[in-house]
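The structure appears below as structure tokens.
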Amino acid sequence: MYIIFLGAPGAGKGTQAAIVAQELNLVHIASGDLFRQAVEQGTELGIEAKSYMEKGILVPDEITIRMVLERISAPDCEPGVILDGFPRNLEQAKALDQAKAIDRVVCIKVSEEELLNRLSGRWICRNCQTPYHIPNSPPQVWGKCDNCDGELYQRSDDTVETVKKRLEFYFAEAAPLIDYYAKAGKLLEIDGEGSVSEVARRIIIALGEGEFVAG
Ligand code: AMP
């Protein structure tokens, strides 16, 4: 069983992929994590991938496809896999189709307004790194960390302007993929607003519908 998760930054894709994988006994594979591990371990793959990752651009398809296909062919992936962060373009999607039969593609949908709210509301303690969210989980005293009284700041990629750019980039990247899987009759669109457990439930129910039986 092979399932792909798609979703904009802030949609909760990684969180949901991890929860659903655990619920359905599947292996959660995030391509970004595979690259970060390779960089940490200093492998040949990591050395190749590092310069692209540092610039925030995609690692070339040839390297990425080889890495992911190798990982999902490992024996521990036999029960099935949830792919998170791969494929990112049509070349990758087609290479994946040639190697494995994809069962379903879960696309987690959250309105742009809510994505902006989720992403641009994040503040972090400069001292102990505790994250806060304005207005969802604010500190007791504005600008100060509840744990250590440290100063709160916003990461440069969490400001409204940068977040808007990240979202634009995602929608341009995702549109052809969404179209591709919709035409193949594999796309499941899930409302990603609400609590984490509500959204997880929606996904699990949707995966259990039709001829596809999860688990
Ligand atoms: P992520 O954690 O998904 O944001 O990925 C972190 C970085 O890993 C990206 O900025 C890319 O450089 C690289 N990466 C992850 N997945 C892919 C992919 N499917 N294709 C190409 N590069 C990727």
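In listed order, ligands and their atoms are each counted from 1.
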Q | Any side-chain donor near an acceptor of the partner, Q140 and D146, under 3.5 Å | A | no
Q | Polar contact flag, side-chain donor to acceptor under 3.5 angstrom, Y181-D97 | A | no
Q) Less than 4.0 Å between a side-chain N and a carboxylate O, is that true for E70 and R66? A) no
Tabulating one pair per line, provide the atom names and distances (0.1 Å) for every N/O atom of ligand 1 that is less than 3.5 Å from a protein N/O atom.
{"from": "ligand 1", "atom 1": "2 (O)", "to": "R36", "atom 2": "NH1", "distance (Å)": "3.0"}
{"from": "ligand 1", "atom 1": "2 (O)", "to": "R36", "atom 2": "NH2", "distance (Å)": "3.0"}
{"from": "ligand 1", "atom 1": "3 (O)", "to": "R88", "atom 2": "NH1", "distance (Å)": "3.3"}
{"from": "ligand 1", "atom 1": "3 (O)", "to": "R88", "atom 2": "NH2", "distance (Å)": "3.2"}
{"from": "ligand 1", "atom 1": "12 (O)", "to": "I57", "atom 2": "O", "distance (Å)": "2.7"}
{"from": "ligand 1", "atom 1": "16 (N)", "to": "S31", "atom 2": "OG", "distance (Å)": "2.8"}
{"from": "ligand 1", "atom 1": "16 (N)", "to": "R88", "atom 2": "NH1", "distance (Å)": "3.4"}
{"from": "ligand 1", "atom 1": "19 (N)", "to": "G85", "atom 2": "O", "distance (Å)": "2.9"}
{"from": "ligand 1", "atom 1": "19 (N)", "to": "Q92", "atom 2": "OE1", "distance (Å)": "3.0"}
{"from": "ligand 1", "atom 1": "20 (N)", "to": "Q92", "atom 2": "NE2", "distance (Å)": "2.9"}
{"from": "ligand 1", "atom 1": "22 (N)", "to": "V59", "atom 2": "N", "distance (Å)": "3.0"}

Q | Criterion side chain to side chain contact (heavy atoms under 4.5 Å, CB included) on V27 and R71, from CA distance to verdict | A | CA-CA 11 Å; V27 183; R71 176 66 191 93; 4.1 Å; yes
Q.
For a quick test of reading the model, state the closest non-hydrogen atom pair linking A101 to Y2 and the distance between them.
A. O-CD1, 3.7 Å
Q) Would you find more than 12 non-hydrogen atoms of other residues, nucleotides or ligands less than 6.0 Å from Y52 atom OH? A) no
